[in-house]
Amino acid sequence: MRLLFFIGLTLTTLMAPFWVFAVLTFVYALMWQSYELLILALCVDALFGDRSTGIFYQYTLFVAMALVMLFFIKPYIRFYKA
Amino acid sequence: MKNFLLNTKGNYPRNSKMTESKRMYFVWILVAFVLLFSAKEIIATLTSFVTTPVYVARNYIETGTGNVPVFIRSRMDLDTQISNLQQELSANQGMSATLSQMREENKELRSLLHASATPRIAAGVIARPPYSPYDTFILDKGTDDGIQQYAPVYHGASRVIGYVRAVFERSALVILFSSSGVESTAYVFGPNIFTSIYGEGGGIMRLSIPQGIVVEKGNTVVLPSIEGGVLGEVFDVQSVPTEPEQHAYISFDAPLVGIRLVSVGTRPIQKVDFKVAEQNISDVERALFHVDVPAEYLIASTTASTTNAETPSP
């Protein structure tokens, strides 16, 4: 399930606008502890980002912020099985 | 009080595991940024080995003329049909549409390759905005085909749209002049001024000039650093009299989503001095108002214009 989701996330990152990546990243990071998202974002920024366009690390920055934010939020929104 | 403190302490969860987990997150984030700034080219090259086949496959399914892509594209139609004769009919119709598409593509390729004096390399666009990150194009040609880094990229005869930023063996990444944050020096016909233009994303560029300078819709904008570098026309001007600046917006002649073929210059863009920039502008100006009229329709004087000619006075 996780692998399929990650493959789908990778394909949408390459072919869909940034906001789709943002939503799916958020959902993925909410469901799993996900360091591989950083690798995916790093690869996208390395290939497509360019210093001449200003902030070329947009994907990595977003994933980093999402992971840190969810790390603090997760304990308050996670539902535990009885 | 002591008992209360002991009880309270016992109710709190042990947080060493959380600290370790937090530390791992920050270590991973730090490593990611260090790699991004120090080993960007290596990671980009490795990533291109994965992304290029994905884009080629998608482009093949969307525009390919083979049996498989035509079948996939027409699958939804086939699902509603009830006889083999209807399937054959839609296949024939698909072939007819495919032939028409191929004729248009052929015509576009011919115009790309023969319309300019300097040699160019035709390339297909396999990824384009908004389906590629950072408002970029991915081309299906690379170093194996002679594409060079910083070569200009054209759509049509002389419409420059961007430059090659990174080249791999069989693909190339193109940064568009409309990409967000890209700044270029441009010349605007009409007010005849040099100014800076800024990419806004989505095929739109903005130039900001002081109030009082008349810029109108339809004014042509060129990049003087590129030979034959017509960028586009002004399509909107926003001018509020109370503000010191007015903004004009330029777009490419074709929507980015519809650009399937481009031509790439064979030499990288070189930094030019002002004299060369002015020469490029003159060349563009001459080309803008020059039409290749067939000899049988063109009426022109064969004598020198300076002999026995008197300019009439008003």
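All heavy atoms count here, side chains included; hydrogens, waters and symmetry mates do not.
When heavy atoms are compared at a cutoff of 4.5 Å, B:Thr136 approaches chain A solely by way of its side chain, counted from C-beta outward. In this structure, chain A has no heavy atom under 4.5 Å from any part of B:Ala127. If you measure heavy-atom distances from B:Arg58 to chain A, the contacts under 4.5 Å come from the side chain alone. For A:Thr13, the part sitting under 4.5 Å from any heavy atom of chain B is the backbone (N, CA, C, O) and nothing else. With a 4.5 Å cut-off on non-hydrogen atoms, A:Ala64 touches chain B through its backbone and its side chain both. Only the side chain of B:Ile138 has a heavy atom closer than 4.5 Å to any heavy atom of chain A. Proximity to chain B is limited to the side chain of A:Val68, based on heavy atoms less than 4.5 angstrom apart. Heavy atoms closer than 4.5 Å to chain A are found in both the backbone and the side chain of B:Phe37.
Note that the CG atom of A:Asp45 and the CG atom of B:Leu36 stand 5.5 Å from one another [nearest 0.5 Å]. Rounding to the nearest 0.5 angstrom, the gap separating the CZ atom in B:Arg165 from the CG atom in A:Leu47 is 11.5 Å. In this structure, OG1 in A:Thr60 is found 5.5 Å from CZ in B:Phe33, a value given to the nearest 0.5 Å.
Contact detail for B:Ile43 and A:Cys43: the closest heavy-atom pair is CG2-CA, 4.0 Å. Summarising the geometry of B:Ala44 relative to A:Ala46, their closest heavy-atom pair is CB-O, 3.3 Å, with the distance given to 0.1 Å. The heavy-atom pair separating A:Gln58 from B:Tyr134 by the smallest distance is N-OH, 2.7 Å.
The choice from A:Phe21, A:Tyr59, A:Phe72, A:Phe18 that makes the most heavy-atom pairs within less than 4.5 Å of chain B is A:Tyr59. The candidate from B:Leu173, B:Leu35, B:Thr45, B:Asp135 with the greatest count of non-hydrogen atom pairs under 4.5 Å with chain A is B:Leu173.
For A:Arg2, the CZ atom sits in a packed shell: over 12 heavy atoms of surrounding residues, nucleotides or ligands are nearer than 6.0 Å. In this structure, B:Arg170 places its CZ atom where only 12 or fewer heavy-atom neighbours from other residues, nucleotides or ligands lie under 6.0 Å away. Within a 6.0 Å sphere centred on CE of A:Met69, heavy atoms belonging to other residues, nucleotides or ligands number more than 12. Counting non-hydrogen atoms of neighbouring residues, nucleotides and ligands closer than 6.0 angstrom, the CD1 atom of B:Ile42 reaches no more than 12 such neighbours.
Counting heavy atoms from C-beta on, the side chains of A:Leu38 and B:Ile29 come closer than 4.5 Å.
Using a 30° and 60° split on the angle between ring planes, A:Tyr35 and B:Trp28 fall in the parallel class, below 30°.
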